[in-house]
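We count residues from 1, following the sequence as given. Being a predicted model, the structure only gives us computed values, none of them experimental.
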Amino acid sequence: MIRAGRCVLLVILFLPAVAYGQALPSSGQASAPGSATVPPQTAPAFDVGAAVEAYLAKMPPSQRARSDAYFEGGYWLLLWDFLATVVVMWLLLRFGWSARMRELAERLTRFRPLQTAAYWVQFIVLVSILTFPLALYEGYFREHTYGLSNQTFGAWMRDQAVGLLVAAVLGAILVVPLFGLVRRLGKTWWVWGAALTIVFAAFVLLIAPVYIAPLFNTYKTLEDPAIKDPILSLARGNGIPATNVYEFDASQQSNRVSANVSGFAGTLRISLNDNLLKRCTLPEIETTMGHEMGHYVLNHANKLLVMFGVLIVIGFAFLDWGIRWSLSRWGERWGVRRIDDVAVLPLAAIVFSLYFFVLAPVSNTISRTIEYEADMYGLNAAQQPDGEANVDMMLGEYRKLDPSPVEELFFFDHPSGRTRITAAMRWKAEHPQSASAEEMARPLFDMK
């Protein structure tokens with residue numbers, strides 16, 4: 001199968017070269033007496049569809065079926081995660097656990113901000129315990145079943161503990177001033193609460209590359225000049241003020257390839273994971289980095305803050321209405337005093353979860369559009385369409401390559417493999433000099 005695929009790809013590569021070397025008589029030049037007129041010859045058009053199918057054929061049917069099953073199972077997990085959140089939060093309200101946690105916090109201190117922080121720590125720990133069975137299945141057993149995780153149980157638990165600690169600290173930083181706004185501003189709290197949340201998101205983007213990401217992986221300077229120099233050259237050519245490239249040991253978690261240009265201002269850094277270095281060729285690395293640089297150059301972080309900021313503002317308005325409506329009916333039964341009572345947090349989680357669950361197609365479309373823009377930027381920057389197609393196939397190990405349009409609309413926060421490879425082949429059709437026979441013929445998977 002792979003041999004036939006290589007033949008098809010090589011034919012596609014060299015067909016456009018036919019007849020370019022033959023000089024044709026001009027319209028003002030007479031033919032030699034008795035000579036036959038030679039009709040003009042044109043190069044056959046590059047078949048984008050055939051090129052896309054040739055790349056999709058690089059993945060064996062058994063692996064394709066496993067990838068599809070994994071990704072389609074994620075559709076149901078979206079529902080189960082939402083329902084689990086609702087059930088756990090309802091339990092906290094229905095049995096008065098949230099009110100008891102508030103009372104314990106009030107006994108620990110009389111200072112309201114510290115009461116909020118103390119409640120938050122109890123809340124995040126209890127919720128993590130109650131949702132642990134689903135997290136264990138989803139993050140550990142399921143990943144190993146599909147061959148997507150390299151972690152031992154101990155290493156996975158270590159990451160969960162670190163994540164819980166980060167959530168406790170960052171959550172307190174957000175929740176304490178948020179409830180302060182509710183207590184001081186009354187009915188207009190949701191406007192300023194939304195603004196605070198957007199600022200908080202920008203803060204996390206700023207500190208994540210330097211202070212959060214290294215808690216899960218080891219980052220070090222990329223030393224190989226054969227990889228580092230072309231990446232920095234690509235960065236300089238695209239106006240990115242980076243002077244170094246970092247690699248991190250993502251292989252301790254999985255075999256997935258990835259990279260990023262993260263942070264801003266003084267925290268900007270270019271990072272690629274060791275799987276990308278181990279599994280990919282230089283053209284594949286360059287096109288991946290071109291995509292990530294596109295996010296930076298096109299100001300996608302700021303644009304996402306604005307677009308999701310709009311959703312957050314609307315969401316906080318819905319949150320205010322949903323909390324007040326619910327408290328008027330069940331607040332006394334739950335032991336929740338008012339909207340500024342920290343014990344209301346489980347109810348807020350239910351309302352907000354419902355809002356973003358319903359709006360998932362909207363948020364996915366925003367993200368998918370941004371990612372497609374970065375794809376196009378990466379193609380123009382790195383000029384490696386065949387490298388791009390190969391990377392897209394590797395991403396197909398855990399993302400469905402060829403979904404229906406409805407699936408892609410509702411469930412994909414990145415373009416599907418077919419969409420991305422089609423874009424790369426269209427770009428290649430307009431830039432035939434960019435074709436790489438080596439990338440086209442390179443096997444990516446075990447065809448057994």
When the ring centroid of Phe316 is compared with that of Trp189, is the distance short of 6.0 Å?
-> yes

What pairs meet the salt bridge (Lys or Arg N to Asp or Glu O under 4.0 Å) rule with one or both residues in residues 228-243, with sequence neighbours excluded?
-> none

Should we count CZ of Arg329 as having more than 12 external heavy atoms under 6.0 Å?
-> yes

Geometric cation-pi criterion, Arg269 with Tyr219: 6.0 Å, 45° | yes

For the residue pair Thr419 and Ser416, confirm or rule out a side-chain donor-acceptor distance under 3.5 Å.
-> yes

Any salt bridge between Arg112 and Glu106, counting N to O under 4.0 Å?
-> no

Considering only NZ, NE, NH1 and NH2 on the basic side and carboxylate oxygens on the acidic side, decide whether Glu284 and Arg442 come within less than 4.0 Å.
-> yes

Taking all non-hydrogen atoms of both residues into account, name the closest pair between Ile350 and Val86 and its distance.
-> CD1-O, 4.0 Å

Work out which heavy atom in Ser251 is nearest to a heavy atom in Lys278; give both atom names and the distance.
-> OG-NZ, 3.4 Å

Show which side-chain atoms of residues 353-361 pair as donor or acceptor with protein atoms under 3.5 Å away, not counting sequence neighbours.
unit_1	atom_1	unit_2	atom_2	d
Ser353	OG	Ala349	O	2.7
Tyr355	OH	Leu311	O	2.7
Tyr355	OH	Gly315	N	3.4

Considering all heavy atoms of both residues, which atom of Phe412 and which atom of Glu407 are nearest to each other, and what is their separation?
-> CD1-O, 3.4 Å

Should the pair Phe411 and Tyr75 be assigned to parallel (<30°), tilted (30 to 60°) or perpendicular (>60°) ring geometry?
-> parallel

Scanning both residues in full, the closest heavy-atom pair of Phe248 with Ser258 reads CZ-OG, 4.2 Å

Is there a donor-acceptor contact under 3.5 Å from the side chain of Asp249 to the main chain of Gln252?
-> no

Kindly say whether the aromatic ring centers of Trp325 and Trp330 come within a distance under 6.0 Å.
-> yes

Say whether, by atom type as modelled, one donor and one acceptor occur between the side chain of Asn390 and the main chain of Glu439 under 3.5 angstrom.
-> yes

Please confirm whether Arg256 makes a cation-pi placement over Tyr398, using NZ or CZ under 6.0 Å from the six-membered ring centre and within 45° of the ring normal.
-> yes

Do Tyr70 and Leu148 have side-chain heavy atoms sitting under 4.5 Å apart?
-> yes

